[in-house]
Engineer: 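This is the structure I have questions about; it appears just below.
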Amino acid sequence: QVQLVESGGGLAKAGDSLRLSCAASGRAFSSYSMGWFRQAPGKEREFVAVISRSGGATYYKDSVKGRFTISRDDAKNTVYLQMNSLKPEDTAVYYCAADLYGSLRTRRSEYYYWGQGTQVTVSS
């Protein structure tokens, strides 16, 4: 059993930066690929970024490439999402999720454990 708790969301203005954190409890954090997803009001939850088990590989949604950076610290059982140059269209609830089978997968159904989410609101 893995519990994920996100933090770091809040209000920001366009162009600002925020860093989201996702703390994991339980064993074997280092064996999971970790992803970030987001869900805007009235929209489907969508993939944002994923980092491999080793941390050596990452993959991003096109619209966040060059602005967002995913990283992990296995000693702290934590995955991060550094978000720079925020835009109003980044407004959403952000969720972290754990993929038990690794690789850089992007489908929501492929992730087994989910956090409760943290709200990010970006004003223009």
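Just the heavy atoms: all of them, side chains too, but no hydrogens, waters or symmetry mates, feed the values below. Because the structure is a prediction, the values reported are computed rather than measured.
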Engineer: Shortest non-hydrogen contact from Gly9 to Thr118?
Structural biologist: N-OG1, 3.2 Å
Engineer: Rounded at 0.5 Å granularity, tell me how far CD in Glu89 sits from OG in Ser63.
Structural biologist: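 The OG atom of Ser63 is 8.0 Å from CD of Glu89, to the nearest 0.5 Å.
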Engineer: Taking the side chain as every heavy atom from C-beta outward, state whether Ser25 and Asn77 have any pair of such atoms under 4.5 Å apart.
Structural biologist: no
Engineer: Are the side chains of Tyr112 and Asp99 in contact, using a 4.5 Å heavy-atom criterion?
Structural biologist: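 A side-chain contact is absent here, since even the closest heavy-atom pair is not under 4.5 Å.
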Engineer: Looking at every non-hydrogen atom in both residues, tell me the closest pair between Ile51 and Ser71 and how far apart they are.
Structural biologist: CD1-CA, 3.6 Å
Engineer: Nearest heavy-atom pair of Leu104 and Ser52: which atoms, and what distance?
Structural biologist: CD2-N, 3.6 Å
Engineer: Within the distance-only criterion (no hydrogens, no angle test), does the side chain of Glu6 pair as donor or acceptor with the backbone N or O of Gln116 below 3.5 angstrom?
Structural biologist: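 It does hold such a pair.
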Engineer: Where do Ser85 and Ser17 come nearest, in terms of heavy atoms and distance?
Structural biologist: N-OG, 4.3 Å
Engineer: Please give me the minimum heavy-atom distance between Pro88 and Ser124, naming the atom from each residue.
Structural biologist: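 Closest approach of Pro88 to Ser124: CG-CB, 3.9 Å.
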Engineer: Any chance you could measure Cys22, atom SG, to Leu81, atom CG, to the nearest 0.5 Å?
Structural biologist: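 These two atoms lie 10.5 Å from each other.
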Engineer: Arg53 side chain to Ser31 main-chain N or O, any donor-acceptor pair under 3.5 Å?
Structural biologist: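 Yes: the side chain of Arg53 pairs with the backbone of Ser31.
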Engineer: Please check this pair: side chain of Tyr60 against backbone of Ile70, looking for a donor-acceptor N/O pair closer than 3.5 Å.
Structural biologist: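 At least one qualifying donor-acceptor pair exists.
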Engineer: Under a single-linkage definition using a 4.5 Å side-chain heavy-atom cutoff for Ile, Leu, Val, Met, Phe, Trp and Tyr, are Val79 and Val48 assigned to the same hydrophobic cluster?
Structural biologist: yes
Engineer: Should the pair Arg45 and Tyr95 be classed as cation-pi, given the thresholds of under 6.0 Å to the six-membered ring centre and 45° from the axis?
Structural biologist: yes
Engineer: Can you confirm whether more than 12 heavy atoms, excluding those of Tyr59, are under 6.0 Å from its OH atom?
Structural biologist: no
Engineer: If you round to the nearest 0.5 Å, how far is OG1 of Thr58 from NZ of Lys65?
Structural biologist: 9.5 Å
Engineer: Just so I know, are the side chains of Phe47 and Trp36 near enough to count as touching, which here means a heavy-atom distance under 4.5 Å?
Structural biologist: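 No, their side chains stay 4.5 Å or more apart.
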Engineer: Give the C-alpha distance, both sets of side-chain angles, the deciding distance and a yes or no for side chain to side chain contact (heavy atoms under 4.5 Å, CB included) between Lys13 and Leu86.
Structural biologist: CA-CA 7 Å; Lys13 295 182 179 180; Leu86 283 163; over 6 Å; no
Engineer: What I'd like to find out is whether the side chain of Ser33 reaches to under 4.5 Å of the side chain of Arg105, using heavy atoms alone.
Structural biologist: no
Engineer: Taking Thr91 for its side chain and Thr121 for its backbone only, find out whether a donor-acceptor pair lies under 3.5 Å.
Structural biologist: no
Engineer: Could you check whether atom NZ of Lys76 has more than 12 heavy atoms from other residues, nucleotides or ligands sitting under 6.0 Å from it?
Structural biologist: no
Engineer: Would you say the side chain of Gln82 lies within less than 4.5 Å of the side chain of Leu18, judging by non-hydrogen atoms?
Structural biologist: no
Engineer: Just checking, Arg19 and Tyr80: is the charged tip under 6.0 Å from the six-membered ring centre and within 45° of the axis?
Structural biologist: yes
Engineer: Walk me through it: do Trp114 and Arg108 pass the test side chain to side chain contact (heavy atoms under 4.5 Å, CB included)?
Structural biologist: CA-CA 10 Å; Trp114 290 83; Arg108 178 180 171 183; 3.6 Å; yes
Engineer: Would Thr78 and Asp73 count as having a side-chain donor-acceptor pair, cut-off 3.5 Å?
Structural biologist: no
Engineer: Just wondering, do Tyr32 and Val2 contact through their side chains at under 4.5 Å, heavy atoms?
Structural biologist: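 Counting from C-beta outward, Val2 and Tyr32 do come under 4.5 Å.
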Engineer: Under 6.0 Å from the ring centre and within 45 degrees of the ring axis: does the NZ or CZ of Arg72 meet both conditions for the six-membered ring of Phe29?
Structural biologist: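 Yes, Arg72 sits over the ring of Phe29.
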Engineer: In terms of hydrophobic clusters joined by side-chain contacts under 4.5 Å, are Val50 and Tyr113 together?
Structural biologist: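 Each belongs to a different hydrophobic cluster.
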Engineer: Same cluster for Val5 and Val93 if Ile/Leu/Val/Met/Phe/Trp/Tyr side chains link at under 4.5 Å?
Structural biologist: no
Engineer: Would you say that more than 12 heavy atoms from the other residues, nucleotides or ligands in this model lie under 6.0 Å from the CD of Glu46, or not?
Structural biologist: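 Counting other residues, nucleotides and ligands, CD of Glu46 exceeds 12 neighbours.
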Engineer: Which heavy atom of Tyr111 sits nearest to which heavy atom of Gly35, and what is that distance?
Structural biologist: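 Heavy-atom minimum between the residues: CE2-N, 3.7 Å.
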Engineer: Given side chains that start at C-beta, do those of Val120 and Met83 come closer than 4.5 Å, heavy atoms only?
Structural biologist: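 Result yes, sub-4.5 Å side-chain heavy-atom pair found.
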Engineer: Side-chain contact, heavy-atom cut-off 4.5 Å: Val64 with Arg38?
Structural biologist: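 A side-chain contact exists here, since the closest heavy-atom pair is under 4.5 Å.
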Engineer: Set out, in order, the CA-CA distance, both residues' side-chain angles and the distance that settles side chain to side chain contact (heavy atoms under 4.5 Å, CB included) for Ser7 and Leu20, then state yes or no.
Structural biologist: CA-CA 6 Å; Ser7 61; Leu20 305 183; over 6 Å; no
